[in-house]
Amino acid sequence: PLHTTSIGNDKMNEVTCVQLGKGSIVPSKRSQRYDRQLRLWGDHGQKALSDASICCLGAGALATETLKNLVLPGIGSFTIVDPQLISAEDCGNNFFVTRDKIGQPRAHCATELLAELNDEVHGDWIQEDAEVLLATRPEFFKDFSVVIAAQIPESTVLSLAAVLWDANIPLVVVRAYGMLGYMRVAVQEHCIVETHPSDPTSDMRLTRPFPALAAFCESFAFDTLSTEAYQHIPFAVVLYQQLQKWKLHHNGLTPSNFKEKRNFKDEILSSIRSDVAGETGLIPENFDEAAKAVNTALSTATIPTSVRNLIARPEVSGLNCESSKFWILVKALGEFVSLAGELPLRGSIPDMTADSNKYIELQTIYVHKAAEDLATMSTFVADIVASLGHPSDFIDDQDIKRFCKNAEFIQVLNTRPIAEEYAPDNSKAAELEQTLEDPSSDVVWYIMLRAAERFKMLHGHYPGHFDEQVDEDIPRLKECVGTLLEEFKVSTVVGEDNIQEICRYGAAELHSIAAFVGGAAAQEVVKLATNQYIPFNNTFVFNGMSGSSTTIEM
């Protein structure tokens with residue numbers, strides 16, 4: 001049976017701001033609660049998070065630490081699937097069980113205490129073994145946005161991964177093993193519009209100016225401006241006019257290499273009026289900004305290879321009524337590119353030293369051009385949506401606008417199936433061996449965790465789980481490591497210290513490691529649930545002994 005825990009039910013109809021009295025607008029309770037994260041993923045990202053439903057297999061320390069970091073930011077609902085009763089051992093490493101509940105379902109206690117963290121989150125629990133649930137009701141898992149498998153045996157993970165892969169539901173496998181942490185993301189297709197690049201270049205189109213931009217830049221007569229007005233010319237105008245002079249002497253070409261760009265910077269600085277520079281050679285701030293922006297603002301407005309590859313994918317050429325909104329938008333983007341030869345304009349410009357009125361005028365020019373491109377894209381989208389038999393409002397106007405703004409950075413993550421990773425013939429032996437040649441690489445712990453799972457399958461317990469068997473478990477684990485490396489066709493030898501360390505851990509689930517890995521895993525779940533930011537591809541290993549980590553595609 002499915003058991004429910006929910007505190008409060010006011011989340012669905014609350015808006016970001018509420019109006020009190022004439023002209024008085026104050027943030028709502030919800031926007032105040034989630035203020036910092038709303039700055040990261042916006043209202044639409046928060047809505048996606050609150051609409052998400054998470055299933056977590058396991059209710060140990062790692063599972064509850066992961067869920068804690070999802071409940072606090074406002075995940076919509078979660079369901080814990082766990083067969084265990086609370087033991088004294090649980091009370092030693094899990095803050096979401098209590099001693100007075102020893103002997104009661106671990107999932108029940110964890111759900112109750114997790115729900116107390118956020119009254120907007122709905123929690124359910126099932127006292128059931130995941131393996132049994134997979135065998136009797138595999139369709140149960142297809143109702144969730146993301147599934148987390150925490151401390152789940154390898155055989156169960158493989159069965160679960162097969163079910164979720166066909167349904168294109170993301171699976172996040174997490175493990176805390178002594179001082180080691182492990183995560184694996186498996187999803188057939190994950191489309192990301194808002195990737196949030198850390199340092200995006202400005203899309204100013206100065207090398208291919210549209211008419212309104214060219215007219216604005218050419219309206220400035222540098223020689224006749226007052227000193228104050230000269231010092232407040234937007235740097236985009238300085239770059240544009242200097243670029244026209246450069247083209248006259250370089251066959252209409254723009255600066256393309258380091259030497260040419262350095263010379264172009266020198267020409268900008270040498271063009272400063274003598275009455276402004278004075279005897280000291282003072283460089284006005286706007287000209288200094290122009291020189292510093294040469295490498296970014298003058299970049300040619302090319303279409304990234306990654307975007308061209310997406311436009312050329314079979315999902316676009318074979319578009320049908322079952323296609324996702326993302327591929328419809330990519331199809332429309334392809335038609336836009338065929339027409340305009342470039343991507344839709346983002347419509348934003350960086351801050352710059354400039355007269356306020358002129359800056360606003362320049363900003364408005366970019367906004368209007370972006371609106372024109374958006375209208376063109378919307379027309380293409382509407383035509384495609386109609387041809388597929390969908391209603392006209394199938395794709396929201398805001399979704400098209402966000403897509404246009406982020407068109408240069410869109411990505412699709414296609415991870416490798418876990419079943420393929422575990423098939424010896426399909427293993428990435430060459431990449432694995434090359435990585436293992438580095439003695440400091442943490443990838444060796446991936447091998448050791450795989451070997452520990454192999455050990456458990458053969459002997460019924462993890463190496464070192466029983467104190468009195470540690471010494472005899474060491475050669476057994478060494479044999480498992482050798483067999484695994486042989487299957488991988490990897491000749492690298494794993495050190496004796498690594499084998500002894502795994503046996504020393506005894507598969508202990510340390511809370512400090514569980515807290516770190518749980519926090520990291522929750523970040524990946526948020527990325528998957530909101531379709532913002534880029535999840536890692538596809539395996540993450542954390543070494544708590546050295547405080548280091550590595551990501552590798554297995």
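Fair warning: this is a prediction, and the values are worked out from it, not measured in the lab.
Applying the ring-ring contact (aromatic ring centres under 6.0 Å, His included) test to pairs two or more places apart or on separate chains, none has a residue in residues 46-86. Residue pairs that meet the side chain to side chain donor-acceptor pair (under 3.5 Å) test with at least one member in residues 147-172, sequence neighbours left out, are Glu131-Thr156. Within the structure, no pair that satisfies the ring-ring contact (aromatic ring centres under 6.0 Å, His included) test touches residues 32-76, not counting sequence neighbours.
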(message) For Arg450 and Glu487: C-alpha separation, side-chain torsions, deciding distance, then whether side-chain contact (heavy atoms from CB on, under 4.5 Å) applies.
(response) CA-CA 12 Å; Arg450 286 284 303 274; Glu487 290 178 1; 5.6 Å; no

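Trp125 and His108 have parallel rings, their planes meeting at less than 30° on a 0 to 90° scale where 60° marks the start of perpendicular.
A salt bridge does not link Glu139 to Lys142: none of the charged nitrogens lies less than 4.0 Å from a carboxylate oxygen. Between Glu509 and Arg175, none of the side-chain N atoms (NZ, or NE/NH1/NH2) sits under 4.0 Å from a carboxylate O, so this pair counts as no salt bridge. Ion pairing between a basic and an acidic side chain is recognised when a charged N comes within 4.0 Å of a carboxylate O; Glu128 and Arg137 show no such pairing. Taking 4.0 Å as the cut-off between side-chain N and carboxylate O, Asp43 and Lys47 do not count as a salt-bridged pair.
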Solution key, residues 324-333 side-chain donor-acceptor pairs under 3.5 Å, sequence neighbours excluded:
{"residue": "Lys325", "atom": "NZ", "partner": "Phe394", "partner atom": "O", "Å": "3.2"}
{"residue": "Trp327", "atom": "NE1", "partner": "Glu189", "partner atom": "OE1", "Å": "3.3"}
{"residue": "Trp327", "atom": "NE1", "partner": "Glu189", "partner atom": "OE2", "Å": "3.1"}

I'd like a table of donor-acceptor pairs (distance under 3.5 Å, sequence neighbours excluded) in which one partner is a side-chain atom from residues 517-527, with atom names and distances.
{"residue": "Glu524", "atom": "OE1", "partner": "Phe536", "partner atom": "N", "Å": "3.2"}
{"residue": "Glu524", "atom": "OE2", "partner": "Lys527", "partner atom": "NZ", "Å": "3.0"}
{"residue": "Lys527", "atom": "NZ", "partner": "Ile534", "partner atom": "O", "Å": "3.4"}

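Between the side chain of Asn69 and the backbone N or O of Thr66, no donor-acceptor pair lies under 3.5 Å.
Across all non-hydrogen atoms, the minimal contact from Leu388 to Cys321 is O-CB, 3.7 Å.
For Lys68, the salt bridge (Lys or Arg N to Asp or Glu O under 4.0 Å) partners two or more places apart in sequence, or in a different chain, are Glu65.
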